Amino acid sequence: MDVSDLIDQLNDAQREAVCAPFSNQLVLAGAGSGKTRVLVHRIAWLMRVEQLSPHQILAVTFTNKAAHEMRERLATLFDHGAGALRSMWVGTFHGIAHRLLRAHWQEAGLPQNFQILDSDDQLRLIKRVYQELQVDDARWPHRQAQWFINGKKDDGVRAAYVKDDFDPFTKMMRSIYAAYEDACERGGMVDFAELLLRSHELWLKQPTLLEHYQRRFRYILVDEFQDTNSIQYAWLRVLAGKTSHVVVVGDDDQSIYGWRGAKIENIHQFQRDFSPVCVTRLEQNYRSTSNILNAANAVIENNGDRLGKTLWTDGVDGEPIDLYAAFNEQDEARYIVDQIKKWLDAGSVASEIAVLYRSNAQSRILEEAFIRADLPYRIYGGQRFYERLEIKNALAYLRLLVNRQDDAAFERVVNTPPRGIGNKTVETLRLLARDQGCSLFDACRGALANNVLPKRASGALTGFLDLLDALDDSAHDRSIAEVSRLVIENSGLLDYHQQEKGERGQVRVENLQELISACRSFEPEEEDRPALEAFLDRAALDAGDAQADDYEQAVQMMTLHSAKGLEFPHVVLCGMEENLFPHRMSAEEPGRLEEERRLCYVGITRAMEKLVLTYAENRRMHGKESFNALSRFAREIPSALINEIRMNAVVTRPAQFQSPRASKADAHGLNLGQSVRHHVFGEGVILQMEGRGTNVRVQVNFAAEGIKWIMLQYAALEPL
DNA sequence: AAGGCAAATGTTTTT
DNA sequence: CATTTGCCTT
């Protein structure tokens with residue numbers, strides 16, 4: 001049999017992993033070591049050499065993006081048999097769990113049309129539970145309860161099994177959790193963590209079913225294994241049983257989701273539970289220059305308790321790493337823009353440049369600088385498409401068409417756009433629904449039939465129900481794109497957003513149109529499910545990250561978290577400051593600090609040819625000015641690899657050290673803490689200053705008028 | 001019931 | 001600083 005096409009281009013370690021005997025496998029794959037390629041080739045190997053059919057293979061990833069990529073790479077490798085690939089299960093943990101629950105809803109104890117709650121829906125439901133239980137949300141914040149519930153579910157713990165240890169907090173959280181479970185049960189709703197928990201329980205409760213899948217999946221592959229949480233691991237272990245073989249691929253140094261319940265220890269645990277395990281290390285890096293790699297290694301070395309892995313390359317040293325000390329965040333953005341312009345002038349393509357940052361909030365200033373410089377850019381993350389308000393509203397109408405009992409959807413749109421159904425009316429419906437143990441929709445019907453509502457409310461509600469019926473009637477025999485167009489137009493959502501003032505309304509109208517085209521291009525994976533329902537599932541499960549357009553020539557901006565798995569010839573890693581990166585919230589605890597360091601490692605290893613680090617000595621955070629030292633991570637990089645750049649030309653520093661603020665002030669003969677007189681506001685004391693040139697602003701605390709910002713350009717301040 | 005204004009509140013992200 | 005939330009008014 002000829003397998004040369006599968007192994008020819010591989011290095012020794014990669015080949016070892018691809019051609020391993022039929023057994024359990026752990027592949028420790030460093031950044032840029034060709035991990036996806038190994039996975040894809042391993043699948044091909046199994047099919048060709050071990051004669052497995054695609055039907056017997058299960059490939060699990062964490063993100064939809066990774067799942068898509070794997071499918072694509074497989075399709076390229078088997079350019080003939082895309083059809084054969086269709087019977088192979090490739091998906092995220094959640095996607096696969098969902099598929100199982102749809103297929104076996106009865107055995108799982110779910111209604112056939114169960115709905116998926118996204119985190120927004122979940123929070124709303126929790127708020128309603130608070131009302132029901134009359135819990136004080138000031139004392140026990142909603143978000144904390146959401147965090148608690150998801151955390152427990154990720155650990156596989158149901159409310160009934162939460163131990164309180166006489167701790168009032170845990171007791172309270174447990175009762176909220178229990179009530180939340182009830183509410184989900186009643187409404188036939190399943191949140192993300194529940195998908196996994198349920199399908200795990202499904203197998204424990206239905207041995208025959210479990211056996212069926214165990215027999216079917218001879219081989220299971222798991223990507224990004226370092227990100228698995230407890231319930232995912234348990235799920236995997238049960239499914240694998242004693243007969244399936246499992247290959248997991250991961251990198252303990254790239255585990256950055258610990259705060260979300262991911263357990264790196266699962267890598268150790270795997271070697272014990274799935275023994276004997278064939279371990280392969282992929283340490284040769286094909287992505288970055290030697291300098292970049294050495295910097296990454298130097299940083300990650302400071303973490304204890306690693307599995308131990310050192311990336312190496314036989315490539316060139318490459319350029320040194322630039323480190324720019326910016327004056328403030330404006331200067332940082334300016335420098336980044338200038339730097340990128342130089343790269344572009346030198347012939348780089350915009351889409352090969354990425355600007356990475358720790359938190360989304362940093363993107364704004366960059367965005368403004370890019371607009372000013374007229375550079376094309378693209379920001380990833382932030383609000384996802386299917387989570388936008390207007391989209392969720394439109395989807396709620398569609399959900400009601402599928403299932404009138406969907407209370408979450410009902411509440412969302414009963415008065416959206418406003419049609420005269422206020423809180424009072426909805427509250428009455430809620431009470432009725434609770435008393436009769438029925439849905440809001442049924443309660444609404446009942447209330448109208450028995451005439452228990454005031455005339456105005458009845459009129460409005462009748463209008464709403466008629467609208468739904470009319471939409472339902474027109475939905476028959478139409479494509480989902482047509483149906484959603486009708487919904488958006490006839491519900492009044494379109495008019496409502498068109499009337500919205502400003503740019504916001506326009507964006508929302510465009511998004512609604514985008515939804516219609518998303519419907520048009522929707523391709524269901526399974527044929528036997530009604531298209532609309534399948535589409536709604538997709539919307540819940542796949543947040544619709546705007547797929548990166550390869551053709552789009554724009555600089556890529558994103559958080560370090562979303563950069564995982566990507567690579568760029570030029571990378572700028574900005575905001576390299578203590579308190580920002582590592583983040584203030586994480587600096588205290590050693591474990592969380594190590595996770596931040598791994599995040600830094602991920603960031604550095606995204607760069608192929610050139611890496612630039614920047615930091616601002618002075619940055620406005622949450623409206624307050626703060627002075628932060630250079631990040632410890634930057635200091636962990638050997639100075640031989642770094643080319644330090646200070647601002648020159650812009651400001652000439654006085655001989656003795658002065659803070660940037662003080663030098664600005666000097667230009668106007670003003671200083672912090674100085675007393676001044678203003679021709680209108682009288683006397684006061686200078687609190688803060690900012691800006692340069694004609695834009696200097698000074699904050700003064702006036703004895704008579706309080707604190708005000710003064711533009712020196714317009715109003716002179718006289719020193720006292 | 002709806003719009004307007006003041007106060008609170010700020011990680012990271014996927015599903 | 002900027003956005004979101006909730007209260008209060010019409």
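Worth saying up front: this structure is predicted, and the values here are computed from it rather than measured. Residue numbering restarts at 1 for every chain, and letters A, B, ... go by the order of the sequence lines.
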Does a side-chain N or O of A:R620 approach OP1 or OP2 of C:dC1 to a distance below 4.0 Å, or not? yes
Roughly how many Å is it from CD1 in A:I256 to C1' in B:dT14, rounded to a whole number? 11 Å
For A:T559 and B:dT13, is the shortest distance between a side-chain N/O and OP1 or OP2 below 4.0 Å? yes
Interatomic distance at C1', B:dT12 relative to C:dT5, whole Å: 23 Å
Quick one: label A:E596 by what it contacts on the DNA or RNA (base, sugar-phosphate, nothing), any heavy atom closer than 4.0 Å. base
Consider the side chain of A:R260, meaning its heavy atoms from C-beta on, and name the nucleotide among B:dA1, B:dT13, B:dT15 that approaches it most closely. B:dT13
Please state how far atom CZ in A:F192 lies from atom P in B:dT13, giving the value in whole angstrom units. 16 Å
Charged N to carboxylate O below 4.0 Å: is that the case for A:R124 and A:D118? no
Pairwise 5' ranking along DNA chain B for A:W147 and A:A193, keeping only the more 5' one: A:W147
B:dT15 base stacked by A:F93 (centroids within less than 5.5 Å, tilt under 30°): no
Using a 4.0 Å heavy-atom cut-off across all strands, classify A:R584 as base, sugar-phosphate, or nothing. nothing
From CD of A:Q226 over to C1' of B:dT14, roughly how many Å is that when rounded to an integer? 14 Å
Is the shortest side-chain N/O distance from A:N415 to OP1 or OP2 of B:dA2 below 4.0 Å? yes
Nearest to side-chain heavy atoms of A:S359, which nucleotide of B:dT13, B:dT12, B:dT15: B:dT12
Please report, rounded to the nearest Å, how far the C1' atom of B:dT15 is from the CG atom of A:L100. 16 Å
Does A:R364 make a side-chain N or O approach to OP1 or OP2 of C:dT3 shorter than 4.0 Å? yes
Within the structure, does a side-chain N or O atom of A:N64 lie under 4.0 Å from either OP1 or OP2 of B:dT15? yes
Between A:E224 (CD) and B:dT13 (P), how many Å, whole number? 16 Å
A:R419 CZ to B:dA1 P, straight-line distance once rounded to whole Å: 14 Å
Phosphate-side-chain proximity, A:N360 and B:dT13, N/O vs OP1/OP2 below 4.0 Å: yes
Starting at the 5' end of DNA chain B, which residue's closest nucleotide do you reach first, A:S562 or A:I421? A:I421
Parallel under 30°, tilted from 30 to 60°, perpendicular over 60°: which one fits the rings of A:F522 and A:F535? perpendicular
Can you label the angle between the A:Y257 ring and the A:H561 ring as parallel, tilted or perpendicular, going by 30° and 60°? tilted
Can we say A:D253 and A:R598 salt-bridge, meaning some charged N sits less than 4.0 Å from an Asp/Glu carboxylate O? no
Salt bridge present between A:E194 and A:R158 (N-O < 4.0 angstrom): yes
Remember a base hit wins even if backbone is also touched, and classify A:T61 as base, sugar-phosphate or nothing at under 4.0 Å, heavy atoms. nothing
What is the distance from CD of A:Q254 to P of B:dT14, rounded to the nearest Å? 16 Å
Can you tell which of B:dT13, B:dT15, B:dA2 lies closest to the side chain of A:S119? B:dT15
Can you measure A:E595 atom CD to B:dT12 atom P for me and round it to whole angstrom units? 14 Å
Taking the ring of A:W105 and the ring of A:F114, is the distance between their centroids below 6.0 Å? no
Measuring from the side chain of A:R456 (C-beta onward, heavy atoms only), which nucleotide among B:dT15, B:dA1, B:dT13 has the closest atom? B:dA1
With heavy atoms under 4.0 Å as the rule, sort A:Y257 into base, sugar-phosphate or nothing. sugar-phosphate
